[in-house]
Amino acid sequence: MYCFSLFYDSYQRFASLVIVFLVNNSNSILNQNAMLGYFHFIIGCFFLLISFNSSATSVMSSESWQEEYHLNRIENPNKALSMLNNVYSSLPPSAERIFTATRIHGFVTRRGNVYTSPLKNNTTNIYDHIESLILLSMDLEDNGDYKQALQQIKKAQLKSKNLNDLDLNSLLSIKQCRSNLALGNYYLAEFYCQSAIKHLEKTKDHYIDIKWAYRLLALSYQGVSDFKSALKANEKALSLSKSYELNDTIYNNISSLLLQMGQLKEAEKYAKKALKIREKRQISQKIAQSHIVLAQIYLKSSQYVHAKSCANFAIAQLNDNTANAQTLSRAYLTLAAVLNKQSYYDEAIEYLLLALKQLDNNSNSDLLINTYQLLSSAYLKHENSNKALDYISIAIDKSQQSQNQQALANSYLIKSDIEEFTGDIKAALITRKLYENVIKKIHALNDGNQDMTLELRNILIEKEKDKLNNLKEKHQQIVEINKEKQHKLLFQVTVIILILIIYLILRIRWFPMHKPN
């Protein structure tokens, strides 16, 4: 607005000088008025053209604003928030203002505070209504109600149809992608991300950060075990980053992906890079997320003490603040996985049930599937095969709905262990065949990258060996329990026989003394 005023003042001075010149050099007042009119018309058109060009660019997309904002995110968060609020207050109802509102919401809620929208309840503006729906969806996401959050986004999309606003459509597509990711609808998430990217790539330095869309796209590929595409999407997001931008979210996502691929050293390296940035930002929720990934890495490498410490630290960070439901449930799940490995099955089940309370049971997310898988494994260790089978059946159903091949393979493997444990060998063989077919499908998805496929195969072989070893241990325990029961039964029978013999001997001895003469 300040630049606009300077330009307009300069225009007025310049117009006055030209008018004076024309007045001094013209003999006709009519000609003077005509010249003045023409002059205003020409300059007005020029000025209007400039204003239209200016409106096509955004304050937030300018290099200087971006650099100052990212610098303040670490050094002066209050100033960074003030910069966002200033942009929001300077904008009319529009897609850009809605996007700014979402950034402010995230900025505030990530730090454990509640965001209150400045919108009036009695507004009739359609952009205001859409903004309210999107902010409501973000509140629902924070509470773990992703299904309802998606419904609000769909309502916003219906309202936006008549606007023909491509920027707004892209923002809503990204929101659709995010909600579908949380619900485990990975192919739908990919579709919406690709739709947003297609539009955003047409404008260089768009105010909607295209890296956001690429990060979500990577997660959608990761969800269906397409690790090669996930890695490329993350690398694309990194390549678009400026030197002053914070990449902790991308680093954390890459760490999670490498962990799933079995590259533990590289995964730890990226997780620590993310954590270093997040400790400077001092956002408890973000710090907790990095500690959760580190805990998962240490768990995978059998460093249980470190894993348990990181998981407990994450839970403490989240309990001290208004925690995002998904992050807290992931922390509970990670701690339960560590406790399960340490044979503390009762405690593990308690934390898994706490994780379930935070999650939307109607979703097909990897987080919910993993929780059901671990519950099944924990109950199997408890020799409660019925509950173990119930939970793994839910995990299989949700894996199939989300088309998460890796989760489906792991679920089949657990189910086959349960069936072998119960002695249903025929069913176990059928389930193992289903497992092998899914593994082949996963390998086919990744045959373009031999190293990646080899890593995946090694992980699966290690998992299978672990499962078989655990199964052998279970069978050995059952054999020992049965032997112990046999020994107890033999001892009881022996004691009973001895008592009967003694009783008969005493009876034989006692009866002759009472025989009549």
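Fair warning: this is a prediction, and the values are worked out from it, not measured in the lab.
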> Thinking salt bridges, do K211 and E245 make one under a 4.0 Å N-O criterion?
yes
> If every non-hydrogen atom of S160 is compared with every non-hydrogen atom of L172, which pair is closest and at what distance?
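Scanning both residues, the minimum pair turns out to be OG-CD1, 3.5 Å.
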> Does the side chain of N404 reach to within under 4.5 Å of the side chain of V224, using non-hydrogen atoms?
no
> How about I126 and L163: do any of their side-chain heavy atoms sit closer than 4.5 Å?
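Of all side-chain heavy-atom pairs linking L163 with I126, at least one is under 4.5 Å.
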> Give a yes or no on whether R278 atom CZ has more than 12 heavy-atom contacts from other residues, nucleotides or ligands under 6.0 Å away.
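More than 12 heavy atoms, drawn from other residues, nucleotides or ligands, come within 6.0 Å of this atom.
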> Would you please test S94 and E96 for side-chain hydrogen bond (donor to acceptor under 3.5 Å, both in side chains) and show each step?
CA-CA 5 Å; S94 59; E96 187 176 356; 5.4 Å; no
> Is there a side-chain contact (heavy atoms from CB on, under 4.5 Å) between C193 and I174? Walk through the geometry before answering.
CA-CA 6 Å; C193 268; I174 291 172; 5.9 Å; no
> Could you check whether K341 makes a cation-pi contact with Y304, meaning its NZ or CZ is under 6.0 Å from the centre of the six-membered ring and within 45° of the ring axis?
no
> With heavy-atom distances below 4.5 Å as the criterion, would you say the side chains of Y412 and K433 are in contact?
no
> Counting only N and O atoms by type, is there a donor-acceptor contact under 3.5 Å from the side chain of N113 to the main-chain atoms of T109?
no
> Give me the ring orientation class for W212 and F99: parallel if the planes are under 30° apart, tilted from 30 to 60°, perpendicular past 60°.
tilted
> Are more than 12 heavy atoms from other residues, nucleotides or ligands located less than 6.0 Å from atom OH of Y345?
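Counting neighbours around OH of Y345, more than 12 heavy atoms of other residues, nucleotides or ligands fall under 6.0 Å, so yes.
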> What is the minimum heavy-atom distance between Y435 and A409, and which atoms define it?
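Heavy-atom minimum between the residues: CD1-O, 3.2 Å.
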> Run the side-chain hydrogen bond (donor to acceptor under 3.5 Å, both in side chains) test on Q289 and T327 for me, step by step, so that the C-alpha distance in whole Å, both residues' side-chain angles and the decisive distance to 0.1 Å come before the verdict.
CA-CA 7 Å; Q289 287 169 354; T327 306; 3.2 Å; yes
> Supply the atom-to-atom distance L335 CG to I292 CD1, rounded to the nearest 0.5 angstrom.
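Reported value, rounded in 0.5 Å steps: 10.5 Å.
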> When you look at S290 and I287, which way does the side-chain contact (heavy atoms from CB on, under 4.5 Å) test go after all the steps?
CA-CA 5 Å; S290 290; I287 293 169; 5.9 Å; no
> Is the charged tip of R111 near the ring of F107: under 6.0 Å from the six-membered ring centre and within 45° of its axis?
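Yes, a cation-pi geometry holds between R111 and F107.
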> Begin from the C-alpha positions of D366 and Y186 and carry the test side-chain contact (heavy atoms from CB on, under 4.5 Å) through to its verdict.
CA-CA 10 Å; D366 62 331; Y186 299 110; 3.4 Å; yes
> Between the main-chain N or O of S416 and the side-chain N or O of T431, is there a donor-acceptor pair closer than 3.5 Å?
no
> Could you go step by step and tell me if D167 and Y207 meet the side-chain hydrogen bond (donor to acceptor under 3.5 Å, both in side chains) rule?
CA-CA 9 Å; D167 285 356; Y207 64 82; 3.2 Å; yes
> Do S377 side-chain atoms and Q373 backbone N/O form a donor-acceptor pair below 3.5 Å?
yes
> Anything under 30° is parallel, anything over 60° is perpendicular, the rest tilted; go ahead and classify H291 against F313.
tilted
> Are the side chains of Y372 and N361 in touch, meaning some heavy atoms are under 4.5 Å apart?
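A side-chain contact under 4.5 Å exists here.
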> Output yes when a side-chain donor or acceptor of N247 lies under 3.5 Å from a complementary backbone atom of I250, and no otherwise.
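Side chain of N247 to backbone of I250: no pair is present.
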> Output, in order, the C-alpha distance, side-chain angles, deciding distance and verdict of side-chain contact (heavy atoms from CB on, under 4.5 Å) for S402 and N185.
CA-CA 5 Å; S402 68; N185 304 327; 5.6 Å; no
> Quick check: closest heavy atoms across I418 and S385, and the distance to 0.1 Å?
CG2-O, 4.0 Å
> So do the side chains of V293 and L275 get within less than 4.5 Å of each other, counting heavy atoms only?
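The answer is no; the side chains never approach within 4.5 Å.
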> Any side-chain heavy atom of Y351 sitting closer than 4.5 Å to one from L333?
no
> To the nearest 0.5 Å, how far apart are CG in L328 and CG in L359?
9.5 Å
> For the backbone of A237 and the side chain of S241, can you confirm whether one donor and one acceptor N or O come within less than 3.5 Å of each other?
yes
> Passes salt bridge (charged side-chain N to carboxylate O under 4.0 Å, His left out), R97 versus D128? Steps please.
CA-CA 9 Å; R97 197 181 76 171; D128 287 347; 2.3 Å; yes
> What distance separates N252 CG from K273 NZ, expressed to the nearest 0.5 Å?
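Answer rounded to 0.5 Å: 12.5 Å.
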> With no hydrogens and no angle check, is any side-chain donor or acceptor of S229 less than 3.5 Å from a backbone partner on D226?
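Not confirmed, S229 side chain does not pair with D226 backbone.
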> Identify whether the distance between the nearest side-chain nitrogen and carboxylate oxygen of D346 and K381 falls below 4.0 Å.
no
> Return the minimal non-hydrogen interatomic distance between Q358 and S329, and the atom names on each side.
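Distance-wise, the nearest heavy atoms are CB-CB, 3.7 Å.
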> Using atom types as modelled and distance alone, determine if a side-chain donor or acceptor of E141 lies under 3.5 Å from a backbone N or O of A325.
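Flag not set: sc E141 to bb A325 has no pair under 3.5 Å.
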> Determine whether a donor-acceptor pair (N or O, by modelled atom type, separation under 3.5 Å) exists between the side chain of S195 and the backbone of F191.
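It does hold such a pair.
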> Does the side chain of D390 pick up a donor-acceptor pair with the side chain of Y379 at under 3.5 Å?
no
> Are the charged groups of K272 and E268 less than 4.0 angstrom apart, N to O?
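Between E268 and K272 there is a salt bridge, with a charged N closer than 4.0 Å to a carboxylate O.
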> What's the separation between atom CG in L259 and atom CD in E266, rounded to the nearest 0.5 Å?
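With rounding to 0.5 Å, CG (L259) is 13.0 Å from CD (E266).
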> What do you reckon, is NE2 of H129 surrounded by more than 12 foreign heavy atoms closer than 6.0 Å?
yes
> Below 4.5 Å, heavy atoms only, C-beta onward: do N169 and H199 meet side chain to side chain?
no
> Between Y187 and N180, is the side-chain hydrogen bond (donor to acceptor under 3.5 Å, both in side chains) condition met? List the steps.
CA-CA 9 Å; Y187 286 106; N180 277 294; over 6 Å; no
> Can you tell me which residue among K286, K280, R281 is in a salt bridge (Lys or Arg N to Asp or Glu O under 4.0 Å) with D248?
R281
> Taking atom CD of Q152 and atom CD of Q157, what is their separation to the nearest 0.5 Å?
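If we round to the nearest 0.5 Å, Q152:CD and Q157:CD are 12.0 Å apart.
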> Search all heavy atoms of N364 against all heavy atoms of I369 and return the closest pair with its distance.
O-CD1, 3.5 Å
> Check for a donor-acceptor pair, side chain of H105 on one end and backbone N or O of I134 on the other, with a separation under 3.5 Å.
no
> Using modelled atom types only, decide if a donor and an acceptor are shared between the side chain of S365 and the backbone of L368 within a distance under 3.5 Å.
yes
> Would you call R432-E419 a salt bridge at under 4.0 Å N-O?
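Not counted as a salt bridge, because no side-chain N and carboxylate O are separated by less than 4.0 Å.
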> Would you call D205-K242 a salt bridge at under 4.0 Å N-O?
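Yes.
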> To the nearest 0.5 angstrom, please state how far the OG atom of S399 sits from the CD1 atom of I394.
11.5 Å
> Looking at every heavy atom in both L389 and K415, which two are closest together, and how far apart are they?
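Looks like CD1-CG, 4.1 Å.
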> Does a side-chain heavy-atom distance below 4.5 Å link K232 with K236?
no
